[in-house]
Number of protein chains: 2
Amino acid sequence: MEKLNNIHPGEVLKVEFLEPLGLTAYKLAKAIFIPQNRLSEIIHGKRSISVDTAIRFSKFFGTSPKFWLGLQMDYDLEEKKLEESSDIQEIKAFQE
Amino acid sequence: MEKLNNIHPGEVLKVEFLEPLGLTAYKLAKAIFIPQNRLSEIIHGKRSISVDTAIRFSKFFGTSPKFWLGLQMDYDLEEKKLEESSDIQEIKAFQE
DNA sequence: CAATTACTTATGTTTGACGTAAGTAAACTT
DNA sequence: AAGTTTACTTACGTCAAACATAAGTAATTG
């Protein structure tokens with residue numbers, strides 16, 4: 001079973017940034033002063049984009065930190081929706 | 001010393017939602033099926049808006065989850081900026 | 001062939017969101 | 001007035017996840 005079509009920020013990093021720019025995870029890790037495993041795990045979808053990571057990416061790539069955190073937010077919301085935890089559906093919208 | 005003007009999502013919840021609607025934290029907690037302390041801590045800026053919390057707020061208030069997570073994102077980024085952690089400034093933007 | 005590049009995995013720490021529970025107090029019910 | 005519900009806070013322990021260090025394996029480059 002697949003998490004059909006929910007795209008992790010690490011995938012974006014790899015496909016839309018590293019590969020087109022001819023960069024390796026190793027080089028990026030050096031350039032933004034983080035351990036290699038942090039990047040390795042992000043790329044494999046095993047770690048989220050933290051505020052710290054988003055800021056570092058943004059400095060290096062010239063994007064905004066919100067771009068990266070927004071990708072993470074979208075991903076997390078989608079994951080949660082697929083989960084469909086029981087009691088959330090029972091919530092009734094407020095009526096004054 | 002104050003965290004000048006950085007506004008926590010809990011403050012928004014209280015001032016822009018609970019108070020105008022005449023709602024208490026107690027009632028909201030019941031309505032969205034979470035423990036009271038989760039709300040209490042959010043309102044006092046001691047806990048962040050998680051994906052779960054954002055979805056529950058959105059169901060009840062008719063907002064989007066991204067509204068709440070966006071507030072949290074803005075807050076976290078601002079906090080991080082005020083921190084000014086040393087090595088982040090050393091990052092050089094990528095040049096092909 | 002040695003050093004650097006490149007990536008992964010193992011291990012341990014710490015932070016923070018979580019729930020349970022207990023405490024206090026005020027505001028209603030009966 | 002006593003008891004229930006509302007209202008909020010704080011203490012405590014758990015768990016997941018982001019973190020760093022470090023070690024291991026390959027491939028590439030000087």
Side-chain angles (χ1 to χ4, degrees), chain A residues 3 8-11 13-15 17-19 21-58 60 65 68-69 71-73 75-80 82-83 85-88 90-91 94, chain B residues 3 8-11 13-15 17-19 21-58 60 65 68-69 71-73 75-77 79-80 83 85-88 90-91 94:
Chain A
K3 296 286 183 35
H8 191 277
E11 183 75 11
L13 173 65
K14 187 183 166 201
V15 175
F17 289 84
L18 296 183
E19 285 173 0
L21 297 171
L23 280 170
T24 63
Y26 177 84
K27 276 183 193 158
L28 178 56
K30 296 292 174 192
I32 65 179
F33 313 119
I34 64 171
Q36 291 172 244
N37 71 337
R38 189 153 146 192
L39 266 183
S40 178
E41 291 175 20
I42 286 168
I43 289 170
H44 292 99
K46 293 178 197 150
R47 192 190 289 215
S48 297
I49 307 287
S50 63
V51 169
D52 183 273
T53 300
I55 291 175
R56 289 175 196 272
F57 284 0
S58 75
F60 185 75
W68 295 101
L69 293 173
L71 288 179
Q72 188 65 55
M73 194 196 297
Y75 178 82
D76 291 342
L77 281 170
E78 190 60 28
E79 285 293 293
K80 187 76 179 180
L82 298 177
E83 196 182 273
S85 113
S86 46
D87 66 349
I88 288 188
E90 312 298 309
I91 297 175
F94 173 73
Chain B
K3 296 284 182 40
H8 192 277
E11 183 75 11
L13 174 64
K14 187 182 164 202
V15 175
F17 289 84
L18 296 183
E19 285 172 0
L21 297 173
L23 280 171
T24 63
Y26 177 84
K27 276 184 193 156
L28 178 56
K30 297 290 173 193
I32 65 179
F33 312 119
I34 63 172
Q36 290 171 243
N37 72 337
R38 188 154 146 191
L39 264 184
S40 178
E41 290 175 21
I42 286 168
I43 289 171
H44 292 99
K46 293 178 197 150
R47 191 190 289 215
S48 297
I49 306 287
S50 63
V51 169
D52 182 273
T53 299
I55 291 175
R56 289 174 196 271
F57 284 180
S58 74
F60 185 75
W68 295 101
L69 293 173
L71 289 179
Q72 188 64 55
M73 194 196 297
Y75 178 81
D76 291 342
L77 281 169
E79 285 293 292
K80 188 74 179 183
E83 197 184 272
S85 113
S86 46
D87 66 351
I88 288 188
E90 313 298 309
I91 297 175
F94 174 72

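All values derive from a computational prediction rather than experimental measurement. We name chains A, B, ... by the order of the sequence lines, and we start the count at 1 in each one.
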Quick one: [X] [atom1] to [N] [atom2], roughly how many Å, whole number?
X: B:Ile42; N: C:dG19; atom1: CD1; atom2: P; value: 10 Å
X: B:Ile43; N: C:dA17; atom1: CD1; atom2: C1'; value: 16 Å
X: B:Glu19; N: D:dC8; atom1: CD; atom2: C1'; value: 15 Å
X: B:Glu79; N: C:dT15; atom1: CD; atom2: P; value: 16 Å
X: A:Leu23; N: C:dT5; atom1: CG; atom2: C1'; value: 13 Å
X: A:Tyr75; N: D:dA17; atom1: OH; atom2: C1'; value: 14 Å
X: A:Lys14; N: C:dA6; atom1: NZ; atom2: C1'; value: 14 Å
X: B:Lys27; N: D:dT5; atom1: NZ; atom2: P; value: 15 Å

Using side chain to side chain contact (heavy atoms under 4.5 Å, CB included), reason through A:Asp76 and B:Val51 one step at a time and then give a plain yes or no. CA-CA 7 Å; A:Asp76 291 342; B:Val51 169; 3.7 Å; yes
Kindly state which residues belonging to residues 47-57 of chain B come within less than 4.0 angstrom of DNA chain C, counting heavy atoms of the residue only, listed by number.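 Result for residues 47-57 of chain B: B:Arg47, B:Ser48, B:Ser50, B:Thr53, sorted by number.
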Please tabulate the protein-to-nucleotide N/O contacts below 3.5 Å involving nucleotides 26-29 of chain C, giving atom names and distances.
none

Does anything in residues 30-41 of chain A reach DNA chain D, meaning a heavy atom under 4.0 Å, and if so which residues?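 Per residue number, the list reads A:Pro35, A:Asn37, A:Arg38.
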Where [X] and [Y] come nearest, the two heavy atoms and their spacing:
X: B:Leu69; Y: B:Ser50; answer: CD2-O, 3.8 Å
X: A:Pro65; Y: A:Ala54; answer: O-CB, 3.7 Å
X: B:Ala25; Y: B:Leu39; answer: O-CD1, 3.1 Å

Nearest 0.5 angstrom please: [X] [atom1] to [Y] [atom2], how far?
X: A:Phe33; Y: B:Asp87; atom1: CZ; atom2: CG; answer: 6.5 Å
X: B:Ile32; Y: A:Phe94; atom1: CD1; atom2: CZ; answer: 13.0 Å
X: B:Ile42; Y: B:Gln72; atom1: CD1; atom2: CD; answer: 8.5 Å
X: B:Arg56; Y: B:Ile49; atom1: CZ; atom2: CD1; answer: 12.5 Å

Check whether B:His8 reaches the backbone of B:Gly10 with its side chain - one donor and one acceptor, N or O, closer than 3.5 Å.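 The answer is yes, because a donor-acceptor pair under 3.5 Å joins these two groups.
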Using 4.0 Å as the upper bound for N to carboxylate O, is an ion pair formed by A:Lys80 and A:Glu83?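 Salt bridge between A:Glu83 and A:Lys80, a charged N being under 4.0 Å from a carboxylate O: yes.
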Specify whether B:Trp68 and B:Phe17 have parallel, tilted or perpendicular ring planes, treating 30° as the upper limit for parallel and 60° as the lower limit for perpendicular.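 Taking B:Phe17 first and then B:Trp68, their aromatic rings sit tilted (interplane angle of 30° to 60°).
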Between [X] and [N], is there a side-chain N or O to OP1/OP2 distance below 4.0 Å?
X: A:Tyr26; N: C:dC7; result: no
X: A:Thr24; N: C:dT5; result: no
X: B:Lys46; N: D:dT10; result: yes

Might you list the N or O atoms of the protein lying below 3.5 Å from N or O atoms in nucleotides 25-30 of chain D, with each pair's distance?
none

Side chain to side chain donor-acceptor pair (under 3.5 Å) pairs, two or more places apart, involving residues 34-43 of chain B: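 Sorted result for residues 34-43 of chain B: B:Arg38-B:Asp52, B:Arg38-B:Thr53, B:Glu41-B:Arg47.
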Side-chain contact test, heavy atoms from C-beta onward, threshold under 4.5 Å: evaluate it for B:Leu18 versus B:Thr24 and give yes or no.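 No, too far: nothing below the 4.5 Å cut-off.
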List the residues meeting side chain to side chain donor-acceptor pair (under 3.5 Å) with A:Ser58, not counting sequence neighbours, and say none if there are none.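 With neighbours one apart ignored, the set is empty.
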